[in-house]
Amino acid sequence: MRHFLTTMDWSRGELQALLDDAKRLKAGAVADDLQGRAVALLFFNSSLRTRTSFDIGVRQLGGHAVILEPGKGAWPIGFEPAMVMDGEEEEHIAEVARVLSRYADLIGVRAFPQFVDWQKDRKDHVIRSVAEYASVPVINMETITHPCQELALMLAMQEHMGPVDGKRFVLTWTYHPKPLNTAVANSALLIASKFGMDVTLLCPNEQYLLDERYMAAAREATTEAGRSFEVVHDIESAYRGADMVYAKSWGAIPYFGRWDEEKPMRDAHKHFMVDETKMKLTPSARFSHCLPVRRNVKVSDGVLDSEACIAIDEAENRLHVQKAIMRRLIAQAGS
Ligand code: CP
């Protein structure tokens, strides 16, 4: 059974087919693939866009969405194999995934890292456990990658820039008062490289490099496509020549679980904020961010409110791409 856990498992052609379907749905095509069906959405973390767009998308496809927040209205769940459940957890994911599979036709999961031990978090243990025990397709609603966001971003870029092959994509780290998840940054590398863009990762220093799994995937995909992948620490040189600037904050992986030690280094790079002066270095690049965004900390008002900013289109596209993903998974599950 095919899940939608990471775009690394899907070819560019398959992802483009999802984007093409999303374009049709966005243009008004009506579909009722979820008529009489249900989708269980497991949220271990907060959300505005993901929760709303999945709930509405399921209803637009004729289905019913059930939103569950384990530990907050639903029982706390344990994940470790062979665990002795004498702590806070009231049930194990083995039962949860099997039971939800009897009620629902799809299961969505949002489960951020625990931010203590990256070697553990990078196994994507929570969603992998759900997929192991479920007998229906599972969709990643953001764990250590954010594949739905990837498709929403790619659709927005194709809408605004046409074919993206050979265009220069700059992923810039930005400051945030908290150490955030690397999921969207990992995903930005995956999708831009898979679709044949020249990719630049701009970050303060080597400590902010992303996990080698995603760095290697970007290197391989760009090499295969005859494109480039570079890491840059100099702001000016990264922005010059950029066709697309994508901003995201993340905590430095070598400091996972030692965030007090990382904080002074993060605080020293507030000047990575995306602003009008930096954007003027580009030949009229587009800008986007997955949202939520802290104004005038990560990105200036001037950039967010400019014509160059396509973040709201990207957010809207979450609805359309997720409907396309659900249609595809339901169709293959029924065949
Ligand atoms: N971009 C995104 O996933 O937004 P939410 O965290 O609000 O769902």
Side-chain angles (χ1 to χ4, degrees), residues 4-7 15 18-19 22 26 39-60 65-72 106-115 121 124 126-127 138-157 159 169 171-174 176-192 210 214 244-251 274 286-295 297-299 303-304 309-326:
F4 192 72
L5 304 184
T6 162
T7 56
L15 296 173
L18 292 174
L19 293 171
K26 187 171 183 176
V39 179
L41 302 171
L42 271 174
F43 281 93
F44 292 88
N45 308 93
S46 303
S47 166
L48 184 145
R49 279 142 290 271
T50 305
R51 183 171 170 153
T52 313
S53 56
F54 263 103
D55 192 349
I56 291 171
V58 170
R59 281 157 207 265
Q60 288 181 354
V66 179
I67 292 171
L68 297 161
E69 297 174 289
K72 218 165 72 178
L106 296 168
I107 301 174
V109 178
R110 166 165 285 203
F112 292 175
Q114 296 299 306
F115 291 100
D121 285 336
D124 223 0
V126 172
I127 197 165
V138 176
I139 300 173
N140 184 342
M141 303 195 298
E142 191 177 353
T143 60
I144 58 169
T145 61
H146 200 347
C148 297
Q149 194 75 49
E150 288 177 45
L151 291 191
L153 164 63
M154 184 49 66
L155 183 54
M157 288 198 291
E159 287 168 336
F169 181 92
L171 168 63
T172 176
W173 178 92
T174 54
H176 190 285
K178 297 179 195 161
L180 299 187
N181 194 356
T182 55
V184 170
N186 295 334
S187 277
L189 290 190
L190 291 178
I191 201 71
L210 294 164
Y214 306 107
M244 179 74 205
V245 175
Y246 199 58
K248 186 69 188 79
S249 311
W250 63 89
V274 181
R286 304 284 179 174
F287 167 81
S288 198
H289 185 282
C290 64
L291 307 179
V293 66
R294 291 194 183 216
R295 282 178 171 253
V297 173
K298 293 165 82 169
V299 188
V303 172
L304 283 168
C309 180
I310 60 172
I312 304 301
D313 291 334
E314 180 181 333
E316 179 194 336
N317 289 344
R318 291 288 304 278
L319 173 67
H320 311 300
V321 301
Q322 289 159 193
K323 285 168 68 179
I325 293 163
M326 290 190 284

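Both counts, for ligands and for their atoms, begin at 1 and track the order of listing. All heavy atoms count here, side chains included; hydrogens, waters and symmetry mates do not.
Looking at atom 4 (O) of ligand 1, its nearest protein heavy atom turns out to be R49 NE, 2.9 Å. The shortest contact between atom 7 (O) of ligand 1 and any protein heavy atom is with L48 N, 2.7 Å. When hydrogens are left out, the protein atom nearest atom 6 (O) of ligand 1 is R110 NH1, 2.9 Å; that is the closest non-hydrogen contact.
Considering backbone and side-chain atoms alike, S46 places every N or O at 3.5 Å or more from each N or O of ligand 1. The distance criterion of under 3.5 Å between nitrogen or oxygen atoms is not met by P292 with respect to ligand 1.
Residue V184 does not touch ligand 1, judged by heavy-atom distances below 4.0 Å. Of the heavy atoms in R51, none comes closer than 4.0 Å to ligand 1.
Although no hydrogens or angles enter the test, the distance criterion places no donor-acceptor pair under 3.5 Å between the side chain of N186 and the main chain of T145. When atom types are taken as modelled, the side chain of R110 and the backbone of M141 share a donor-acceptor pair closer than 3.5 angstrom. Of the possible polar contacts, none joining the D55 side chain to the A65 backbone as a donor-acceptor pair under 3.5 Å is found.
If you check the side chains of Q149 and S187, you find no donor sitting under 3.5 Å from an acceptor.
When side chains are defined from C-beta on, T6 does not count as touching N140, because their heavy atoms never get closer than 4.5 Å.
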Exercise. Begin with the C-alpha distance, continue with both residues' side-chain angles, and end with the deciding distance and a verdict on side-chain contact (heavy atoms from CB on, under 4.5 Å) for E159 and I310.
Key: CA-CA 10 Å; E159 287 168 336; I310 60 172; over 6 Å; no

